[in-house]
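In what follows, every chain begins at residue 1, and chains take the letters A, B, ... in the order their sequences are listed. Keep in mind that what you see is a predicted model, and the values were worked out from it rather than measured.
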Number of protein chains: 2
Amino acid sequence: MRKQNETTNRAEPEKRTSWFVEQCRVNGLKVTPQRVAIYEALVDTDEHPSAETLHRKIRKLYPRISLDTVNRTLLTLAEIGAAFVVEGSGDARRFDGRAGKHQHFKCVKCNRIVDFHHKVFDRIKVPADIRKRFRVLRKTVYLEGICDMCRKR
Amino acid sequence: MRKQNETTNRAEPEKRTSWFVEQCRVNGLKVTPQRVAIYEALVDTDEHPSAETLHRKIRKLYPRISLDTVNRTLLTLAEIGAAFVVEGSGDARRFDGRAGKHQHFKCVKCNRIVDFHHKVFDRIKVPADIRKRFRVLRKTVYLEGICDMCRKR
DNA sequence: CTTACTGCAAACCATTTGCACGATC
DNA sequence: GATCGTGCAAATGGTTTGCAGTAAG
């Protein structure tokens, strides 16, 4: 038995693109060749590329595409849930000096980071194959969403 | 029964400072008033401040301290494990277009982000109180350390 | 007394913004 | 044809670097 209409069912390449086109429509975005190209290039890799990296790749097919478009489009994709920001940002680095185990919840609206404790999360075990391949220095459960203060608005 | 000599035992303010001073010594760092002030200011808050935010605070006590010092010192603290970078960086934003559930391991040496799967991590449950307070849009287990390629060097 | 740290200024890099042209719907 | 998206250029913001003076060990 298979679930139908699963919004995240985009395993096969052709389905991905039509899923993406549909998402654009639903969100009132125009389907431009640049957008499609950027989305395809992003989904095509597991290297978690930066805008610049993607720009270099896409340029081979669309030599006139600008870095700004790639940058802006990626942010747009993130807004409609077709992409995720996994690292970095132009924003300032932020630090934590607290020693004890704790997890972070980050509000995507106001960028506030809230600490929380949950013993179950403290106890999670890193799988053996990861442990063998890498030296793990830090592990944490990371949550993202809308915080209480932003919800009230 | 209490564990002695626990390196992360810095719950009480005075112990924190002496722990920090000790860490500086062990790592061959000089104990300057600026460093101590920055460390204290960082540990004193749970707001995950940026260098600039901390700078503004510390300025009240040490009006001549520069933002650069705060910036550099925070990075130094991170190197000796007295602080952690929890968000941002001057580095470029990086994106992920993959839809399925997966976790990230990030190498702190080469900044490579490696995807991995672990069913146990897919199944972790967000605690009820968090769920009540926030709207959780994404949850992921985040690992940090040294990757296989960097270990070989 | 030596070495490392600090403060200042300039340089750097990624991102953002404003605007006019061009493409999509 | 109206609106949204793109490309270009300039501006911005955070971080990094080089250097000379200063303080810690």
- [ ] Kindly say if B:Arg35 contacts the phosphate of C:dC5, meaning a side-chain N or O under 4.0 Å from OP1 or OP2.
- [x] yes

TODO: Using a 4.5 Å cut-off on heavy atoms from C-beta on, say whether the side chain of B:Thr45 contacts that of B:Lys57.
DONE: yes

Task: Where protein sits on nucleotides 11-18 of chain C, one letter per nucleotide: B base, S sugar-phosphate only, - none, heavy atoms under 4.0 Å - done: ---SSBBB

Task: Pair B:Phe116 + B:Phe105: ring centers closer than 6.0 Å - done: no

Open item on the list: Expressed as a whole number of angstroms, how long is the span from B:Arg59:CZ to C:dG7:C1'?
Closed with: 11 Å

Open item on the list: Does D:dA23 have its OP1 or OP2 closer than 4.0 Å to a side-chain nitrogen or oxygen of B:Gln34?
Closed with: no

Task: ILVMFWY cluster, A:Ile130 and B:Ile113 together (side-chain gap under 4.5 Å) - done: no

Task: Distance test, side-chain N/O of B:Thr69 to OP1/OP2 of C:dT6, below 4.0 Å - done: no

Open item on the list: Quiz question: by atom type and distance under 3.5 Å, do the side chains of B:Ser50 and B:Thr53 form a donor-acceptor pair?
Closed with: yes

- [ ] Starting at atom CD1 of A:Ile58, determine the distance to atom C1' of D:dG7, rounded to an integer number of angstrom.
- [x] 15 Å

Task: Between P of D:dT15 and CD of B:Glu87, the distance in whole Å - done: 12 Å

Open item on the list: Salt bridge check, B:Arg138 against A:Glu144: does any charged N sit closer than 4.0 Å to a carboxylate O?
Closed with: yes

- [ ] Consider only side-chain N and O atoms of A:His102 and A:Asp122, and report whether a donor and an acceptor are under 3.5 Å apart.
- [x] no

Task: Between C1' of D:dC4 and CG of A:Asn27, the distance in whole Å - done: 14 Å

TODO: Tell me yes or no: between the side chains of B:Glu40 and B:Thr17, is some donor less than 3.5 Å from an acceptor?
DONE: yes

Task: Whole angstrom value for the distance that separates P of C:dT6 from NE2 of B:His55 - done: 12 Å

Open item on the list: Pairing donors with acceptors under 3.5 angstrom, does anything connect the side chains of B:Asp129 and A:His118?
Closed with: no

- [ ] Nearest whole angstrom, please: distance from the C1' of D:dT16 to the CG of B:Leu74.
- [x] 15 Å

Task: Sugar-phosphate or base contact per nucleotide [nucleotides 20-25 of chain C; S, B, -; heavy atom under 4.0 Å] - done: ----BS

- [ ] State whether B:Arg93 and A:Asp91 are salt-bridged, where the test is any N-O pair (Lys NZ or Arg NE/NH1/NH2 against Asp/Glu carboxylate O) under 4.0 Å.
- [x] no

